[in-house]
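Here the structure comes first, spelled out in C-alpha cells, and everything after it is commentary.
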Amino acid sequence: MRRRVLGKKFFDEPTLDVARSLLGKYMVRRRGKTEKAYMITEVEAYDGPRDKASHASHGRTPRVEVMFGEAGKLFVYFTYGMHWMLNVVTGPKDYPAAVLVRGVEGINGPGRVTKKLLVDKKLNGKKAAPSSGLWFEDRGIAIRRSAISRTSRIGVSYAGSYWASRKYRFVLSV
DNA sequence: ACGATGATGAAC
DNA sequence: TTCATCATCGTA
C-alpha cells in the first residue's frame, strides 16, 4: 500500500483547502505497539483572527497559542467540561487557523473521535508525526469533488450570522 | 428534552 | 471573583 506521511508542506496552505484535502486521508494513532488508521470523513475549518467562530478571535491567549504556530502541529483543547477537540494547525505562522477533525470512518462526533483515539492535552502543540504517536497519511484514496458536501459549521450560532453561515464544514458522503 | 462537567473570557 | 458560555455527548 502506498503511504505518505503528511507534513508541514501539506498543512501550510489555505485552511479551507487543507480541510477539503483531508477528506479521504488517514489519521493514524500509535499507542505502544498497536497502530490504527482511520479515514477522515468530516472536518471543519477555522480561519484566521476575524473568524468569530474561532477561539482565536479572542486574541492570542494561552489556550489558543498553538493555533498561531507552525502548520502541521496538533491543537487539542477541552470543552463542555468533558470533551477533547482535535485540530491540526494550518497556514502560515502567526495566522491562527486550524482544521477540526469531527469524524472518521466509523466514529462520528469530535468528542468520540478523541475518546476512541485516546487524545488529550498531552498531544497539544506536538507535531503531527510518527514521533508524537498521531499523524496523517495519504494512502492513495482519490476523492471526487461530487462526494464532498459543504455545510455551515456545527454549534457556532454565537458567531453571528455571517460567520455561522460560512460553509466551512466538509463531509465525505458514503 | 436536558444534565454533566470544567476551562475560558468578560463582566463586575 | 463570579458568571454565562461553550467547536459535545449520552440518556431520556
Side-chain angles (χ1 to χ4, degrees), chain A residues 6 10-11 13-27 29 36 38-92 94-128 132 134-136 148-173:
Chain A
L6 302 177
F10 178 87
F11 295 104
E13 294 289 338
T15 312
L16 291 167
D17 293 345
V18 175
R20 179 170 36 219
S21 303
L22 273 174
L23 294 178
K25 300 296 188 296
Y26 281 77
M27 186 156 70
R29 182 71 167 126
K36 286 183 179 173
Y38 305 83
M39 190 170 72
I40 296 168
T41 56
E42 181 182 350
V43 295
E44 278 178 4
Y46 289 83
D47 187 19
R50 295 174 56 241
D51 181 353
K52 291 288 187 211
S54 170
H55 293 322
S57 67
H58 296 290
R60 194 164 182 157
T61 63
R63 178 171 148 98
V64 299
E65 174 62 27
V66 176
M67 284 187 86
F68 289 80
E70 201 173 296
K73 283 191 171 180
L74 300 171
F75 169 44
V76 181
Y77 70 89
F78 194 65
T79 194
Y80 291 114
M82 41 172 53
H83 299 295
W84 294 100
M85 296 290 119
L86 172 62
N87 306 249
V88 58
V89 176
T90 59
D94 296 321
Y95 182 82
V99 174
L100 168 67
V101 178
R102 287 190 56 87
V104 298
E105 208 171 16
I107 311 172
N108 301 313
R112 289 179 181 171
V113 168
T114 54
K115 186 178 179 188
K116 177 81 175 179
L117 302 205
L118 300 175
V119 170
D120 62 23
K121 67 180 175 188
K122 291 194 288 290
L123 283 170
N124 188 40
K126 296 265 174 59
K127 196 160 67 170
S132 67
L134 178 61
W135 67 98
F136 299 88
I148 296 173
S149 50
R150 280 184 76 161
T151 78
S152 51
R153 293 170 290 185
I154 302 295
V156 297
S157 53
Y158 62 90
S161 58
Y162 179 82
W163 290 106
S165 66
R166 295 304 92 192
K167 294 196 186 316
Y168 284 5
R169 175 171 173 250
F170 298 86
V171 184
L172 188 58
S173 2

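A note on names: the letters A, B, ... follow the listed sequences, proteins ahead of strands, and every chain is numbered from 1.
What separates CG of L100(A) from P of dT8(C) is a distance of 8 Å, to the nearest Å. Rounded to whole angstrom, the span from the CZ atom of R63(A) across to the C1' atom of dC6(C) amounts to 8 Å. Rounding to whole angstrom units, CZ of residue R102(A) and C1' of dC9(C) are separated by 11 Å. Note: CG (N108(A)) to P (dC9(C)) measures 9 Å, nearest angstrom.
Nucleic acid contact class of M85(A) (heavy atoms, under 4.0 Å, all strands): sugar-phosphate only. Using a 4.0 Å heavy-atom criterion, one finds that I154(A) contacts the sugar-phosphate atoms exclusively. The residue H58(A) sits close only to the backbone: its heavy atoms come under 4.0 Å of sugar-phosphate atoms, none of a base.
Between R169(A) and dA7(C) there is no side-chain polar atom (N or O) within less than 4.0 angstrom of OP1 or OP2.
Counting heavy atoms from C-beta on, the side chains of L6(A) and W135(A) never come closer than 4.5 Å. Residues Y38(A) and L117(A) are in side-chain contact: their nearest non-hydrogen atoms beyond the backbone lie under 4.5 Å apart. The side-chain heavy atoms of K116(A) and R29(A), taken from C-beta on, include no pair separated by under 4.5 Å. Contact check for D94(A) versus R60(A): side-chain heavy atoms found under the 4.5 Å cut-off. With a 4.5 Å cut-off on side-chain heavy atoms, F11(A) and V89(A) do not count as touching. Side-chain atoms of L134(A) and M27(A), non-hydrogen and from C-beta on, do get closer than 4.5 Å to each other. Side-chain contact check for Y168(A) versus V156(A): every heavy-atom pair is 4.5 Å or farther apart.
Here chain A contacts DNA chain B (any atom closer than 4.0 Å to a heavy atom, that is under 4.0 Å), and the contacts span dA4(B) to dA10(B) from 5' to 3'.
When R166(A), R153(A), K167(A), R102(A) are each tested for a salt bridge (Lys or Arg N to Asp or Glu O under 4.0 Å) with E44(A), only one passes: R102(A). A side-chain contact (heavy atoms from CB on, under 4.5 Å) with V76(A) holds for exactly one of N87(A), V119(A), V88(A); it is V119(A).
Listed by residue number, F78(A), Y80(A), G81(A) are the residues of residues 67-81 of chain A with a heavy-atom contact under 4.0 Å to DNA chain B. Looking at residues 38-56 of chain A, you'll see Y46(A), A53(A), H55(A) sit with a heavy atom under 4.0 Å from some atom of DNA chain C.
The cationic group of R50(A) does not satisfy the cation-pi geometry with Y162(A), failing either the under 6.0 Å distance to the six-membered ring centre or the 45° limit from the ring axis.
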All N/O pairs under 3.5 Å across the protein-nucleotides 10-12 of chain C interface:
residue, atom, partner, partner atom, Å
dG10(C), OP2, R112(A), NE, 2.7
dG10(C), OP2, R112(A), NH2, 2.5

Apply side-chain contact (heavy atoms from CB on, under 4.5 Å) to F136(A) and I40(A), showing your working. CA-CA 9 Å; F136(A) 299 88; I40(A) 296 168; 3.7 Å; yes
Run the side-chain hydrogen bond (donor to acceptor under 3.5 Å, both in side chains) test on T90(A) and T15(A) for me, step by step, so that the C-alpha distance in whole Å, both residues' side-chain angles and the decisive distance to 0.1 Å come before the verdict. CA-CA 6 Å; T90(A) 59; T15(A) 312; 3.0 Å; yes
Show me the dot-bracket string of DNA chain B, counting Watson-Crick or G-U pairs under 3.5 Å, with | for pairs to another strand and [ ] for crossing ones. ||||.||||||.
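Ring-plane geometry between W84(A) and F78(A) is classed as tilted, the angle between the planes lying from 30 to 60 degrees on a 0 to 90 degree scale.
Shown here are the side chain to side chain donor-acceptor pair (under 3.5 Å) partners of S54(A), two or more places apart in sequence or in another chain: there are none.
In terms of heavy-atom proximity, P110(A) sits nearest to L100(A) at CB-CD1, 4.4 Å. The shortest non-hydrogen separation linking A97(A) to G48(A) is CB-N, 4.1 Å.
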